[in-house]
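What you see is a predicted model; the values in this text were computed from it and never measured.
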Amino acid sequence: MTARLARLGPAARRVVEAVSVAGGGAALSEILDVAEHGLHPPLSSAEATDAVDAAVAASVVAERPVVVGGRPLPGLAFRHPLVRLTCYDGLSAARRRQLHSAYAEAVLRRRPDAVDTLASHLTRADDPRATRYLRQAAERAAALCANDTADRYYAELTARLDALAADAAQARIDRGAVLRRMARYQEAATLLREALADMVRRGDEDGQVLATARLTEVLAKHRGTDEGEELLRTYPPGPHTPPPTTATHHLAAAVVRFVGGWYESAHASARRAQEAAEAVRGSERRGLPARSLGSQATALGLAGRFAQARAAADLALPHAKAYGDQELLVTILSVLREHARRSGLLGEAVSIGRQALSLAEHTGDPTTVAFERANLAELHLLLREFAEAREHAEAAVRDAEPSPAWCTPYALAALARARIRTGEPGAAELLARAGRTAEAQRDRQAVHEVRTAEAERLVREGRPQEALTLLADDSDPSATPLLAWAELLSGHPDRAKRRAAAEAVRAERVGERLSETDSRTVHAAALAALGREAAAQEEFGRAAALARELPYPAGAFAVDEAAGADWAAARSRFPG
């Protein structure tokens, strides 16, 4: 290979060297541009063309189409990659820098928006402009959810800025966002701590607020809320903090409060973020309002205010679509999916859930993918589609492994529920793991999910008293039908009747049709256990009609089971 290169004439060798710095292939027009304007001494158009002909005739390079900017163009490529490596390795460091610089100039003249190509060549040319194009390439990759590529660019940018003793803190903050989306939380936290320390050293108060907010969001994903709360108190925004940074601070506060279970406080923080976002101009004009409204929708939903959550999500959706943030769209679709589920629109909920899963897969965040799969598994259980539920739940657990993440309790609880409903073994061990992770992360919503799944297991195994103890402090209305069943099966039909009747009224008023169906079912069973057969049959009829109307297959199955039970025999075993 070296001998073949050695047989080339001087002009042909110089053109081949220019092709070698291009990588796998190069547009012929750009190689001729480099030859005319970038080589020293330059080659005329005729000399460059003759040199290309000589290199092709010597079988060193071949004429092949290359795709540039999405269009196929005439190009040159080495016949064998080892020939290219031999040629490139034979260049001196100074020669490589000069050729990369020349190639970058040719690209700047012909396609100045090719930021990836420019970042690569300017970096290798050690050109001061490299930092600008590395940042642009990183931002473009991040916007496209090409997380690995964005991470690589940000790593190069940070290293370059460090070498230049320049401000690398913002690059670390931006890279931290990419690492967070990749669920690489420890690495993201390390980078963001470095950025915060740098901002503190330089006395950059706005930078301190921003770095703290980003770090808090990461910590909430894997370390709980205590440290984040302390950071937010230590580095609050001031009266002169720019609106985007102020909004970001309040959004981080909302995240901390979601996880801690302070949903009304989370909603208040998201409202403050929206107020700050209203003053934002430029590229974040859509993004921050969308995040603020999306956070409000999430907080309202978790607080049980689903009509208001739907309204906030509907307002957030056009902003999120215009901004093009797929991670944000997933959050908003999750709220809409949950609203559809609670409303009993299970087909619509599955459709929205599939959209959310598809977008989550595109963002490259395995934890969000696991969460969306867990929610789809739960929906398929409500439809009594057990194979689909098991498939999604098992995939969710795989996505959540190997180390516990914020999504892990949800994935394990979904798989446990699938096993509970189908009578398969292993649910207890899954829920024990889920409980340990949820408690360690201090995620109140995750704790609720795990406890209700465990209570369902205990009720089905004939241990309703233990389920009552487990749910004693759970104030979420979604647990009410299960709690009423535990009371009924523990021998307290009066309490079960009162609790179920109240929840049926509440659920009907706010349009939560699944909870209404479930509550009417247990209410009817409690009436039957109290010997009020006519009233019980009437209530069973209402529950069955509602389950058919929605349709809600799991609810219809539960009505049939409860209506067919011998409550008179059960009554004889109740205390008192």
Side-chain angles (χ1 to χ4, degrees), residues 340-347 349 378-386 417 420-423 452-453 455-465 467-468 471 476-576:
R341 183 187 74 82
R342 294 216 179 194
S343 301
L345 305 173
L346 296 179
E378 301 274 5
L379 289 170
H380 284 296
L381 287 175
L382 297 175
L383 292 165
R384 288 182 60 78
E385 296 170 350
F386 298 120
R417 279 200 173 96
I420 291 167
R421 306 280 172 91
T422 57
T452 52
E456 180 182 346
R457 183 183 75 85
L458 292 169
V459 166
R460 287 176 181 265
E461 291 181 359
R463 298 155 64 186
Q465 289 282 8
L468 274 177
L471 295 176
D476 192 312
S478 66
T480 300
L482 182 58
L483 186 56
W485 274 117
E487 287 178 328
L488 174 60
L489 296 172
S490 296
H492 305 290
D494 272 322
R495 283 193 291 188
K497 178 182 73 70
R498 287 194 298 272
R499 190 181 298 276
E503 174 57 17
V505 170
R506 186 204 68 83
E508 183 179 19
R509 185 181 70 252
V510 299
E512 291 188 32
R513 310 304 296 281
L514 295 192
S515 188
E516 182 189 351
T517 306
D518 294 340
S519 297
R520 289 193 182 282
T521 302
V522 65
H523 182 226
L527 289 169
L530 290 166
R532 298 171 57 183
E533 293 295 338
Q537 291 307 312
E538 184 178 347
E539 190 71 338
F540 275 133
R542 289 188 189 127
L546 184 53
R548 286 193 303 270
E549 177 193 337
L550 289 173
Y552 173 23
F557 182 82
V559 173
D560 289 344
E561 270 198 325
D566 187 352
W567 293 106
R571 186 165 64 248
S572 66
R573 297 193 299 272
F574 289 162

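Evaluation of the side-chain contact (heavy atoms from CB on, under 4.5 Å) rule for Ala535 yields Leu527, Arg532 as partners, not counting sequence neighbours. Arg495 meets the side chain to side chain donor-acceptor pair (under 3.5 Å) test with His492; sequence neighbours excluded. Remark: Glu487 engages Arg499 in a side chain to side chain donor-acceptor pair (under 3.5 Å) (not counting sequence neighbours). Taking Arg342 as the reference, Glu338, Glu512 meet the side chain to side chain donor-acceptor pair (under 3.5 Å) condition, with sequence neighbours excluded. Residues satisfying the salt bridge (charged side-chain N to carboxylate O under 4.0 Å, His left out) test with Glu456, not counting sequence neighbours, are Arg417, Arg421, Arg460.
At least one side-chain heavy atom of Leu514 sits less than 4.5 Å from a side-chain heavy atom of Leu550. In this structure, the side chains of Trp567 and Leu488 come closer than 4.5 Å at one or more pairs of heavy atoms. A heavy-atom distance below 4.5 Å is not found between the side chains of Arg513 and Tyr552. Residues Pro481 and Ser515 form a side-chain contact, since some pair of their non-hydrogen atoms from C-beta on lies under 4.5 Å apart.
Here side-chain hydrogen bond (donor to acceptor under 3.5 Å, both in side chains) pairs that include residues 534-545, with residues two or more places apart or in two chains, are Arg520-Glu539, His523-Glu539, Glu538-Arg542, Glu539-Arg542.
Atom OG in Ser519 sits 11.0 Å away from atom CH2 in Trp485 (nearest 0.5 Å). Between the CD atom in Glu508 and the OG1 atom in Thr517 there is a gap of 10.5 Å [rounded to 0.5 Å]. Separation of atoms CG (Leu458) and CG (Leu471) is listed at 9.0 Å; rounding is to 0.5 Å. Atom CG of residue Asp494 and atom CG of residue Leu530 lie 5.0 Å apart, to the nearest 0.5 angstrom. Separation of atoms OG1 (Thr521) and CD (Glu516) is listed at 10.0 Å; rounding is to 0.5 Å. Going from atom CG of Leu381 over to atom OG1 of Thr422 covers 8.5 Å, rounded to the nearest 0.5 Å.
The shortest heavy-atom contact between Phe540 and Ala525 is CZ-N, 3.7 Å. In terms of heavy-atom proximity, Ala467 sits nearest to Ala455 at CB-O, 3.7 Å. Here the closest non-hydrogen pair linking Ala500 and Ala484 is CB-CB, 4.2 Å. In terms of heavy atoms, Ala547 sits closest to Gly555 at CB-C, 4.0 Å. Of all heavy-atom pairs between Val559 and Ala543, the closest is CG2-CB, 3.8 Å.
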Intermediate values then yes/no, side chain to side chain contact (heavy atoms under 4.5 Å, CB included), Val459 and Leu482: CA-CA 8 Å; Val459 166; Leu482 182 58; 4.2 Å; yes
